[in-house]
Structures are given as C-alpha cells and as structure tokens.
Amino acid sequence: MCGIIGYAGHRPAVPVIIEGLRRLEYRGYDSAGVGFIQGRELKVIKAEGKLAALEEKLAHYPNTVAMNGIGHTRWATHGVPAERNAHPHIGGNNELAIIHNGIIENYQEIREKLTKSGYRFYSQTDTEAAVKLIDSYYKQSGEPLTAISQAMLRIRGSYAFAMMFRDFPDSLFVARKDSPLIIGQNGDGCYIASDVPAILDSTRTVYYIDNLEIARLKPDSIALFNIDKEPIEKTPS
Ligand code: GLU
C-alpha cells in the first residue's frame, strides 16, 4: 500500500500534492500520478519511476490554476509497474478519476460483469474495476455519493479511495475500508492523506476516517457520511 494525497483549497493544488507525495517517498513506490480539473476537463498525468519523472511531465502542463486535485505513489499489487497501471485511473468519458491504496479481492468478477455490459479496460489493475463500477452507478444516479456507496456494497477487499468527478469540480470524495486514510484542515483548505507525515507540516487538525465511511471535501468544508449516506459527526484529533 502506498501514498495518497489530496487537496481542495485556495492554493494551486499540484505543488501541494507533489510536496505531500515527496514526504511519503520513504514508503517506496514504482510510479506516481496526479489528477486535477482544469478548464472543465479532468486531467490525469502519470509516470513510471520516481517523482522527478512525473514533475518533468507536469512542467509541460499549465496546471497552476487547479485548486484541487489528487496524487498517488503506487506500489503494484495487480499489474506490472508501468505508466498505464499507475493511478489515477479514469472512468466514464474522463468524467471521474480515482486513486487507491489496497486490494480489491473480487476485481475479476466485477471486471467480467462490466465487460459484458460494454466496458473496456486499459490496465491490469484491480483499481480500474473499482472506478468503472463507480462509473456504472454514477451513470444511473448522476450523484457521486450514491455511486460510491453503491460500489462499496459490491467491493470486497481493502481500500482507501480518493476521487474526483469532472462535473463536481469543487469537491473531492474519499471512502475507506481496512486501509488508512485521514483528512486534515487548515485556513488554506482541506487535505487527504494515507499517512500523518504527509500533512503534518500543513495542519494539526486531523479527522480519522473509519471503515465504510465516506467524506466530501470542499475548500472550506468537510462532510462525513456512513455507507447509507447518512451524515455523521466526528471530532477532530
Ligand atoms: N492494488 C492497487 C494496484 O495494484 C493499489 C496499489 C497500492 O496500494 O499502491 O494498483
């Protein structure tokens, strides 16, 4: 399981994400990637190897205006270390992107069912099955929270997910089961991380997300829900 970072706030997101990923480098990884929404388009940029390779690619993109985004360092469990298997993985017509720590145990079964309904897969990962499953529910409801909670009922295994939806550009969504995930907040915005050190310099206000909980983050707010989409209250640590 490797590194997750997300940021929704008032500063350009990509440098915040790269900085956070750098703090998680000690865990080891084989590839890295970021996702952000710019000009109504969801952009995903990934590179095999070290963060420097990702930064080199990012230098070609005018990404400084995106104020929220997600980033990942991958340690492959399903599929070789390669750019196409790196996260974020995308669903729909580039409508949603997901990063994932953990293992989806029933990904083959999900993949086969979705293939029968017309889905095509570009990677070898278990994670792509999750994003396409969420996409299939999102197509029905048009509502991220509903789609995520429906997918959580189907997925077996462990996950910390961070997600973006192109048509909800001010929000990040997270969900978790058996893989660590925290949310932090300061005057600049809200942060997602798989590990405390990644955001320790930015904030000391941290919410621990428990199993089968979902959160929606905006620059100035954090809303938490159980798997039935009922709001829950949490005291920050
Ligand atoms: N199982 C996922 C993959 O192989 C996530 C790996 C990770 O936790 O870094 O892509």
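For ligands, and for the atoms within them, numbers begin at 1 and follow the listed sequence.
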With only distance considered, is His87 within less than 3.5 Å of ligand 1 through an N or O on each side?
->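 His87 vs ligand 1: N/O contact under 3.5 Å present.
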
Nitrogen or oxygen of Ala76 less than 3.5 angstrom from that of ligand 1 =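 By distance alone, the answer is no.
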
For ligand 1, is Gly79 a contact, meaning one of its heavy atoms is under 4.0 Å away?
->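 Checking ligand 1 against Gly79, which is what was asked, there is no heavy-atom contact under 4.0 Å.
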
Using a heavy-atom cut-off of under 4.0 Å, does the side chain or the backbone of Thr77 touch ligand 1, or both, or neither?
->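 Under 4.0 Å from ligand 1, Thr77 contributes backbone and side-chain atoms.
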
Check Asp126 against ligand 1 and report side chain, backbone, both or neither, counting heavy atoms closer than 4.0 Å.
->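 The answer is the side chain.
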
Flag the pair Tyr122 / His89 as yes when their ring centroid distance falls below 6.0 Å, and as no otherwise.
->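 Yes, close enough.
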
Look at the side-chain heavy atoms of Ile, Leu, Val, Met, Phe, Trp and Tyr, link any pair under 4.5 Å apart, and say whether Ile148 and Ile227 land in one connected group.
->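 Yes, Ile148 and Ile227 fall within the same hydrophobic cluster.
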
Passes salt bridge (charged side-chain N to carboxylate O under 4.0 Å, His left out), Glu112 versus Lys116? Steps please.
-> CA-CA 6 Å; Glu112 276 159 29; Lys116 281 190 194 133; 5.7 Å; no

Could you walk me through whether Asp220 and His10 pass the side chain to side chain contact (heavy atoms under 4.5 Å, CB included) check?
-> CA-CA 9 Å; Asp220 299 305; His10 304 288; 2.9 Å; yes

Those atoms of ligand 1 less than 4.0 Å from some heavy atom in [X]:
X	value
Cys2	7 (C), 8 (O), 9 (O)
His72	9 (O)
Thr127	2 (C), 10 (O)

Looking at Tyr29, does the NZ or CZ of Lys50 lie under 6.0 angstrom from its six-membered ring centre and within 45 degrees of the ring axis?
->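 The answer is yes; both the distance and angle limits are met.
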
Nearest-0.5 Å distance, CZ of residue Arg84 to CZ of residue Phe121 =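 Between atom CZ of Arg84 and atom CZ of Phe121 there are 14.5 Å.
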
